[in-house]
Amino acid sequence: MGLGDTPGGERIHIGFFGRRNAGKSSIVNAVTGQELSVVSDIKGTTTDPVYKSMELLPMGPVVIIDTPGFDDKGALGELRVKKTREILNRADCAVLVVDSVLGKTKADEEMLTLFKEKQLPYLIAYNKWDLLDEKEYKTEEQTADEKSVFVSAETNYHIKELKERIAGLVKEKENGCRLVGDFLKPLDLVVLVVPIDKAAPKGRLILPQQQAIRDILEAGAVSVVVRDTELLAALEKLGRDPDLVITDSQAFSEVAAVVPDRVLLTSFSVLMARYKGFLDAAASGVKAVNQLQDGDRILISEGCTHHRQCNDIGTVKIPAWIKKYTGKNVIIETSSGRSFPEDLSGYRLVIHCGGCMLNEREVRYRMQCAGDAGVPFTNYGMVIAQMKGILERSMEIFRKVQ
């Protein structure tokens, strides 16, 4: 991702679904104006989901997802169908592509049922409209509902209308909040504590740090970025208390010891819990840390994939801190990227990363999976704050604005 790119977690995810050979890939190519997907008359040409980040007017930055046919057969076909169903959990809206010549089938109706169960906004794009005779398409158009769009990938018939209708499905960010800017006034002073260690990416800041700086600028406030090792000296040079200090969660203890109690202090991860819409769940779920027993299974899940360092936060540091804090011999399991178990009933606690690389819908889906299984759900920042004894302080910023 370049510096000018919109992060994947901030893009609208549009999933295109349909039976094999209904023309999904042709529709995707027509909508995007690119040869994004391979097109063939052979059924099952799309074997895995195809993702493409792009700017799509009038929506702006989006991720287009072309999925395999959900009526695929055989063992391999079942895996493809499973992948297609997983897309439903991260898509912000869906387009069901139906072959106009064949009409809606039982498989199409089943997919529509899934859309409704998952409360996913959708449209039905009736493709190959150019192959129907005049009497047929007039009859169909007269009986169509507001969810239907009649299109032809071959002739580009109503493709512009389809794009505009898709844009109408998409709402603004569900919880309506910013990362930190809505806590700030113009010229407020915010200190960002960014440790630079072996786990820090070379030559760049991690996404929540970038987003915080941008949000502070948009609020007309002032940001000062400093390493944890220079924090004390930086605070002394400022000449006044900052209005807010935001730290990487891993440095919570060291930063809390330096920042006066009268100054608001939180972490990027705690702010991300609110930004992604699960602050209350995370604050409630973290209480389970104090109730862990020997043999309890904990899932530590990250939304991104990256090269593991020797002192990785998710696979090394947090497990070690939990075992030391609780004194219990708990079982730690991990997942990363798009891999996330739907059945969480065997776990006592789910600890998720901040979710910066996931869109809000997928984070909410993961939280819902935990809720359905009766398993507490929290995130890295909350757990670290709890174990370091500063959870209440890290949450004070939210009480200040209520």
Side-chain angles (χ1 to χ4, degrees), residues 89 195 197-199 247-257 266-270 272-274 276 278-358 362-395:
N89 302 323
D197 54 23
K198 290 183 178 179
T247 181
D248 186 291
S249 297
Q250 299 179 61
F252 244 146
S253 290
E254 296 81 0
V255 173
T266 192
S267 79
F268 297 102
S269 185
V270 171
M272 286 298 295
R274 183 186 76 123
K276 292 296 182 178
F278 67 102
L279 177 65
D280 291 341
S284 175
V286 74
K287 299 173 185 176
V289 174
N290 292 335
Q291 302 163 0
L292 293 172
Q293 301 296 323
D294 289 338
D296 282 345
R297 294 169 63 208
I298 300 172
L299 176 66
I300 298 179
S301 183
E302 290 191 345
C304 61
T305 55
H306 60 267
H307 177 68
R308 302 291 182 185
Q309 302 288 339
C310 59
N311 209 18
D312 181 68
I313 179 67
T315 58
V316 179
K317 288 184 178 180
I318 291 180
W321 287 335
I322 289 175
K323 291 177 181 179
K324 181 179 179 180
Y325 176 77
T326 64
K328 304 297 182 182
N329 185 26
V330 295
I331 301 168
I332 306 290
E333 299 178 14
T334 62
S335 71
S336 62
R338 296 193 176 102
S339 175
F340 187 79
E342 291 189 5
D343 183 7
L344 298 171
S345 57
Y347 295 102
R348 181 66 184 85
L349 175 65
V350 175
I351 304 172
H352 207 282
C353 69
C356 63
M357 299 303 293
L358 304 176
E362 182 159 10
V363 174
R364 286 178 175 271
Y365 161 73
R366 294 182 177 199
M367 178 181 68
Q368 187 61 52
C369 285
D372 291 344
V375 178
F377 184 93
T378 191
N379 82 345
Y380 286 14
M382 292 286 190
V383 166
I384 295 171
Q386 171 75 15
M387 293 188 294
K388 303 301 181 182
I390 52 178
L391 180 62
E392 286 301 312
R393 186 178 181 187
S394 72
M395 297 285 285

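No side-chain heavy atom of Leu349 sits under 4.5 Å from any side-chain heavy atom of Asp296. Put simply, the side chain of Val350 does not reach to within 4.5 Å of the side chain of Met367, judged on heavy atoms. Counting heavy atoms from C-beta on, the side chains of Glu342 and Asn89 come closer than 4.5 Å. Residues Glu254 and Thr247 form no side-chain contact, since every pair of their non-hydrogen atoms from C-beta on lies 4.5 Å or further apart. Put simply, the side chain of Val383 does not reach to within 4.5 Å of the side chain of Trp321, judged on heavy atoms. A heavy-atom distance below 4.5 Å is found between the side chains of Ile322 and Ile351. Side-chain contact between Arg274 and Thr266 is absent, with no heavy-atom pair separated by less than 4.5 Å. Inter-residue side-chain proximity for Glu302 and Tyr380 is flagged as met; some heavy-atom pair is nearer than 4.5 Å.
The minimum heavy-atom distance linking Gly354 with Met272 is given by the pair O-CB, 3.6 Å. Pairing each heavy atom of Pro376 with each of Gly374, the nearest pair is CD-O, 3.9 Å. Looking at every heavy atom in both residues, Gln250 comes nearest to Ile313 through CG-CD1, 3.5 Å. Between Lys328 and Asp294, the closest heavy-atom pair is CA-OD1, 3.3 Å. Heavy-atom minimum distance, Ala373 versus Leu344: CB-C, 3.9 Å. Between Gly303 and Cys353, the shortest heavy-atom distance links the atoms N-SG, 3.2 Å.
Separation of atoms OG1 (Thr334) and CD1 (Ile300) is listed at 7.5 Å; rounding is to 0.5 Å. Note that NZ of Lys276 and NE2 of His352 are 10.5 Å apart. Values are rounded to the nearest 0.5 Å. Taking OG of Ser301 as the reference point, atom CD of Glu333 lies at 11.5 Å (rounded to 0.5 Å). For the atom pair CZ of Phe252 and CD1 of Ile384, the computed distance is 8.0 Å after rounding to the nearest 0.5 Å.
Side-chain atoms of Ser339 never come within 3.5 Å of backbone atoms of Ser335 as a donor-acceptor pair (strictly under, hydrogens ignored). For Asn379 (side chain) and Ala282 (main-chain N/O), no donor-acceptor pair under 3.5 Å exists by modelled atom type. Remark: the backbone N or O of Ser249 is not paired with any side-chain donor or acceptor of Lys388 at under 3.5 angstrom.
Arg348 pairs in a side chain to side chain contact (heavy atoms under 4.5 Å, CB included) with only one of the listed residues (Ile331, Val330, Leu292), which is Leu292.
Ring orientation note: the planes of Phe278 and Phe377 are nearly perpendicular, at an angle over 60° on the 30°/60° scale.
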### Query
Can you check side chain to side chain contact (heavy atoms under 4.5 Å, CB included) on Met387 and Thr326, steps first, answer last?
CA-CA 9 Å; Met387 293 188 294; Thr326 64; over 6 Å; no
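Crowding of Lys287 atom NZ: a count of heavy atoms from other residues, nucleotides or ligands under 6.0 Å not exceeding 12.
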